[in-house]
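Inspection log for the structure reproduced underneath, given as C-alpha cells.
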Amino acid sequence: VSEPALSMRYSRTDVDMPGRAAFVVSAKTEKSAVRRNRAKRQARSIMRSMIPSLRGYDVAFFMRRAFLEMKTPDKRRAIERLLKRAKLI
C-alpha cells in the first residue's frame, strides 16, 4: 500500500502474536542520521497506540522525504490512512 509520502508492506503472522512495526528511512532519502532517527522515533511513538489492533501482522513502513517534512498530526493521519486502506485497523 502506498501514497506519496509513505509506503507500507505487511504480512500475516500467527494470530496469537502481537503486531510488530518497522520503520525505514534510507540514507538516499535523508543524508543526516539524526533526522532519519528522529523520523523513526516519531513514527514509533505514533504507532504505540495502534499496535494492539495489528495483532497477527508484521508491518514495515518506508518513509519518503515528504513524510519527513510533515508535521506530527499529518504523519499520524498518513499512517492511519495506509493501515485503513490495507484493512488492518
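Quick note: residue numbers are just sequence positions, from 1.
With sequence neighbours excluded, the residues forming a ring-ring contact (aromatic ring centres under 6.0 Å, His included) with F61 are F23, listed by chain and number. Shown here are the side-chain contact (heavy atoms from CB on, under 4.5 Å) partners of D16, two or more places apart in sequence or in another chain: D14. Residues meeting the side chain to side chain donor-acceptor pair (under 3.5 Å) test with R44, sequence neighbours left out: none. Listed by chain and number, the residues in a side-chain contact (heavy atoms from CB on, under 4.5 Å) with P73 are K71, R77 (sequence neighbours excluded). Under the side-chain contact (heavy atoms from CB on, under 4.5 Å) criterion, S45 pairs with R48, sequence neighbours left out. With sequence neighbours excluded, the residues satisfying side-chain contact (heavy atoms from CB on, under 4.5 Å) with A86 are V1, M8, Y10, L88. Not a single salt bridge (Lys or Arg N to Asp or Glu O under 4.0 Å) links E69 to another residue, sequence neighbours left out. Every residue two or more places apart in sequence or in another chain was checked for a salt bridge (Lys or Arg N to Asp or Glu O under 4.0 Å) with R85, and none qualifies.
Sequence neighbours left out, not one pair with a member in residues 63-83 passes ring pair (Phe, Tyr, Trp, His ring centres under 6.0 Å). Listed by first and then second residue, the salt bridge (Lys or Arg N to Asp or Glu O under 4.0 Å) pairs that reach into residues 17-40 are R20-D58, E30-R35, E30-R65, sequence neighbours excluded.
Considering all non-hydrogen atoms of both residues, R55 and V15 come closest at CG-O, 3.2 Å. The shortest non-hydrogen separation linking R64 to P4 is CD-O, 3.3 Å. The two residues A39 and L68 have their closest heavy-atom pair at CB-CD2, 3.1 Å. Nearest heavy-atom pair, T72 versus I46, reported as atom, atom and distance to 0.1 Å: O-CD1, 4.1 Å. Listed here is the closest heavy atom pair of A21 and I51: CB-CD1, 4.0 Å.
Other residues sharing a hydrophobic cluster with F62 under the 4.5 Å side-chain heavy-atom criterion for ILVMFWY residues are V24. Residue V34 shares its hydrophobic cluster (ILVMFWY side chains chained together at separations under 4.5 Å) with no other residue.
R76 places a side-chain heavy atom less than 4.5 Å from the side chain of M50.
Separating the CG atom in L82 from the CD atom in E3 is a distance of 4.5 Å, to the nearest 0.5 Å. Distance CD1/I79 to CD/Q42: 9.5 Å, rounded to 0.5 Å. The distance from atom CZ of R81 to atom CD1 of I89, rounded to the nearest 0.5 Å, is 11.5 Å. Atoms CE and OG, on M63 and S7 in that order, are 10.0 Å from each other to the nearest 0.5 Å.
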